Participant: 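Supplied in structure tokens, the structure appears directly below.
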Amino acid sequence: MPELPEVETITKYLNKHISGKTITDVLVLSKKQFPQDPRLVIGAKIESVNRRGKSTIICLSNTKAMIVHLRMTGQLIFMKGIFNRYETGKQIPLSGGSELPGKSTRVIIVLDNGKLFFNESRKFGAIRIAEDVGADKEISKLGPEPFNKEFSIDYLKNVLKRTAKPIKALLLDQEKIAGIGNIYASEILFDAKINPNRSAKSLCEKEIKKLFNSTLSILREAIGYGGSSASDEAYIKPDGARGLYQNYARVYQRDGKPCRKCKSLVKRVVIGGRGSFYCPSCQKY
DNA sequence: CTGCGGTCCTGAAGGC
DNA sequence: TGCCTTCAGGACCGCA
């Protein structure tokens, strides 16, 4: 699913390829995924594409912005030029087939240099138009960005000591830290050698320091690999290529397989209603 | 404040 | 083969 590293990969790509382009049309195939009036953005120029947490923020020349949240199965695919499948010769390996628009295409944003497809099979994700991104209901509640200096060992210490929630659940809390989802929460905890069920406030200073460092190093590594595109994950890059992190995952979806470090079998447990993966030997309670 | 369970939604996987 | 059930999950909401 698209978490910070995946959305970072998407926004970097789009910022490079669609900044400066003009929105000539918006085709809304599913109103729920684009509930506002498309005329609010048609004719506007894209100034930049940025990320905040797991949201893609497309800043427009008319002082508005489009906020895209991909939830679990969302994709943003960019096809340069005017095309159909016979003309392009380019097969895009989408999860639901190789054609665009596909079965899960919900919105097509037409630009003067190509088309941006918003695919979302589950229909949980959506695009909304905001006048003031900072005031947006979801964006305004987000905690610090992991790569921002606001996120520090001291900050983490303060947040952790306030709650007895399992540390895994806390890492997923977007109000505490923005951008971590189910894949990287498990991966970070493995790297930090912390059991996902440990109460947040039970972590000692040394563990908090390790957790901080693991958060940054795992996210940085995942960005380097262009995110994670396991077979059952919808995420692919805007050019249709797959991310590579799944080949290097330590524990995520590796239950029953040997731990890469100690060969014990990786376990799956449910924490806060979500599947969580860990090595019972490397991450003792 | 916390935590729990239901809600949205669809495709994949499992059972018979 | 094919139908039916179950499950997964990010964020939110109502309830205890």
Side-chain angles (χ1 to χ4, degrees), chain A residues 1-8 10 28-35 51-57 67-76 93-99 101-107 118-128 130 133 136-143 145-146 158-188 196-202 219 222 227-236 246 249 251-256 267-277:
Chain A
M1 58 220 69
E3 308 179 19
L4 185 152
E6 288 75 22
V7 180
E8 182 70 16
I10 291 168
V28 179
L29 311 182
S30 170
K31 188 111 170 66
K32 193 190 168 208
Q33 270 58 58
F34 198 109
R51 180 189 61 75
R52 177 77 173 98
K54 302 176 193 174
S55 288
T56 299
I57 298 170
I67 303 173
V68 186
H69 201 306
L70 303 170
R71 292 295 187 262
M72 283 91 68
T73 58
Q75 301 173 327
L76 282 170
L94 299 182
S95 58
S98 58
E99 290 178 38
K103 204 164 67 171
S104 66
T105 300
R106 308 303 178 197
V107 180
F118 176 53
N119 298 337
E120 226 292 72
S121 74
R122 296 270 166 85
K123 294 188 173 178
F124 283 2
I127 301 176
R128 57 187 182 278
V133 173
D136 178 81
K137 192 168 175 282
E138 192 171 350
I139 301 290
S140 63
K141 284 192 289 195
L142 293 175
E145 283 293 325
N158 272 318
V159 165
L160 296 197
K161 74 180 181 195
R162 287 165 205 275
T163 177
K165 270 203 276 190
I167 185 64
K168 163 79 172 10
L170 189 118
L171 290 180
L172 292 179
D173 185 344
Q174 303 301 301
E175 295 184 28
K176 305 298 188 295
I177 311 169
I180 300 173
N182 212 31
I183 300 172
Y184 300 109
S186 285
E187 295 289 294
I188 288 165
N197 260 316
R198 284 276 301 282
S199 146
K201 65 180 178 189
S202 76
L219 292 176
S228 176
S229 301
S231 55
D232 63 338
E233 285 163 38
Y235 164 75
I236 48 177
Q246 68 281 5
V251 290
Y252 185 70
Q253 288 186 338
R254 295 194 68 249
D255 45 321
K267 277 189 76 171
R268 179 185 188 275
V269 291
V270 175
I271 299 171
R274 255 147 240 138
S276 309
F277 304 84

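These numbers were taken from a predicted model, which means no experiment stands behind them. First the proteins, then the strands, lettered A, B, ... as listed; each starts at 1.
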Participant: Going by number, which of residues 159-178 of chain A have a non-hydrogen atom under 4.0 Å from DNA chain C?
Facilitator: A:Q174
Participant: Pairs under 3.5 angstrom only: tabulate donor-acceptor contacts from the side chains of residues 268-276 of chain A to other protein residues two or more places apart or in another chain.
Facilitator:
unit_1	atom_1	unit_2	atom_2	d
A:S276	OG	A:K168	NZ	2.9
A:S276	OG	A:R274	O	3.1

Participant: Whole Å only: how far is the CD atom of A:Q33 from the P atom of C:dG10?
Facilitator: 17 Å
Participant: Atom CD of A:Q75 and atom C1' of B:dG11: how far apart are they, to the nearest Å?
Facilitator: 13 Å
Participant: Side-chain donor-acceptor pair under 3.5 Å between A:D232 and A:Q253, yes or no?
Facilitator: yes
Participant: Once you round it to whole Å, what is the distance between P of C:dG10 and CZ of A:R71?
Facilitator: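 These atoms are roughly 10 Å apart.
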Participant: When you measure from the side chain of A:F124, which nucleotide among C:dA8, C:dA11, B:dC8 comes out closest?
Facilitator: B:dC8
Participant: Pick base, sugar-phosphate or nothing for A:G275, based on heavy-atom distances below 4.0 Å to the nucleic acid.
Facilitator: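 Here A:G275 touches the backbone only, sparing every base.
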Participant: Okay, side chain of A:Q246, backbone of A:S228: is any donor-acceptor separation there less than 3.5 Å?
Facilitator: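 Side chain of A:Q246 to backbone of A:S228, a donor-acceptor pair under 3.5 Å: no, none is there.
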Participant: Please report the interatomic distance CD1(A:I180) to CD1(A:I188), rounded to the nearest 0.5 Å.
Facilitator: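 Between atom CD1 of A:I180 and atom CD1 of A:I188 there are 4.0 Å.
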Participant: Within less than 4.0 Å of OP1 or OP2 of C:dG10, is there a side-chain N or O belonging to A:R274?
Facilitator: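 For C:dG10, OP1 or OP2 has a side-chain N or O of A:R274 closer than 4.0 Å.
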Participant: Within this structure, what is the CE-to-P distance between A:M72 and C:dA11, rounded to whole angstrom?
Facilitator: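 Value for this atom pair: 9 Å.
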Participant: Taking ring pair (Phe, Tyr, Trp, His ring centres under 6.0 Å) as the definition, give me every residue that meets it alongside A:F34, ordered by chain and number, with sequence neighbours left out.
Facilitator: none
Participant: My understanding is that only residues two or more places apart in sequence, or in another chain, count here; which of them pass side chain to side chain contact (heavy atoms under 4.5 Å, CB included) with A:D173?
Facilitator: A:K165, A:E175, A:K176
Participant: OP1 or OP2 of C:dG10 versus the side-chain N and O atoms of A:H69: is any pair under 4.0 Å?
Facilitator: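 So the side-chain polar atoms of A:H69 never come under 4.0 Å of the phosphate oxygens OP1 or OP2 of C:dG10.
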Participant: Once you round it to whole Å, what is the distance between C1' of C:dA8 and CD of A:E233?
Facilitator: 12 Å
Participant: With no hydrogens and no angle check, do the side chains of A:S55 and A:E138 hold a donor and an acceptor under 3.5 Å apart?
Facilitator: no
Participant: Send over the distance from A:L70 CG to C:dG9 C1', rounded to a whole Å.
Facilitator: 14 Å
Participant: Among the nucleotides B:dG11, C:dG9, B:dT10, which one has an atom lying closest to any side-chain atom of A:K123?
Facilitator: B:dT10
Participant: What's A:D232 touching, base or sugar-phosphate or nothing? Going by heavy atoms closer than 4.0 Å.
Facilitator: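 Contact class for A:D232: none.
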Participant: Shorter than 3.5 Å, N or O on both sides, protein versus nucleotides 13-16 of chain C: list them out with atom names.
Facilitator:
unit_1	atom_1	unit_2	atom_2	d
C:dC13	OP1	A:K137	NZ	2.8

Participant: Given B:dG11, B:dC9, C:dG9, which nucleotide is nearest the side-chain atoms of A:S121?
Facilitator: B:dG11
Participant: B:dT10, OP1 or OP2 - any side-chain N/O from A:K103 closer than 4.0 Å?
Facilitator: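 No, A:K103 has no side-chain N/O under 4.0 Å of OP1/OP2 on B:dT10.
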Participant: How close or far is atom P of C:dC7 from atom CD of A:Q253, stated in whole angstroms?
Facilitator: 17 Å
Participant: Quick one: A:R122 CZ to C:dG10 P, roughly how many Å, whole number?
Facilitator: 10 Å
Participant: Please determine if A:E8 and A:R51 form a salt bridge, counting it only when a charged side-chain N lies under 4.0 Å from a carboxylate O.
Facilitator: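 A salt bridge links A:E8 with A:R51.
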Participant: Could you list the residues that satisfy ring pair (Phe, Tyr, Trp, His ring centres under 6.0 Å) with A:F118, not counting sequence neighbours?
Facilitator: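 Expected list: none.
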Participant: So, is A:R268 near the phosphate of C:dA8, with a side-chain N or O under 4.0 Å from OP1 or OP2?
Facilitator: yes
Participant: First locate atom CD of A:E6, then atom CG of A:L76, and finally report the distance between them rounded to the nearest 0.5 Å.
Facilitator: 13.0 Å
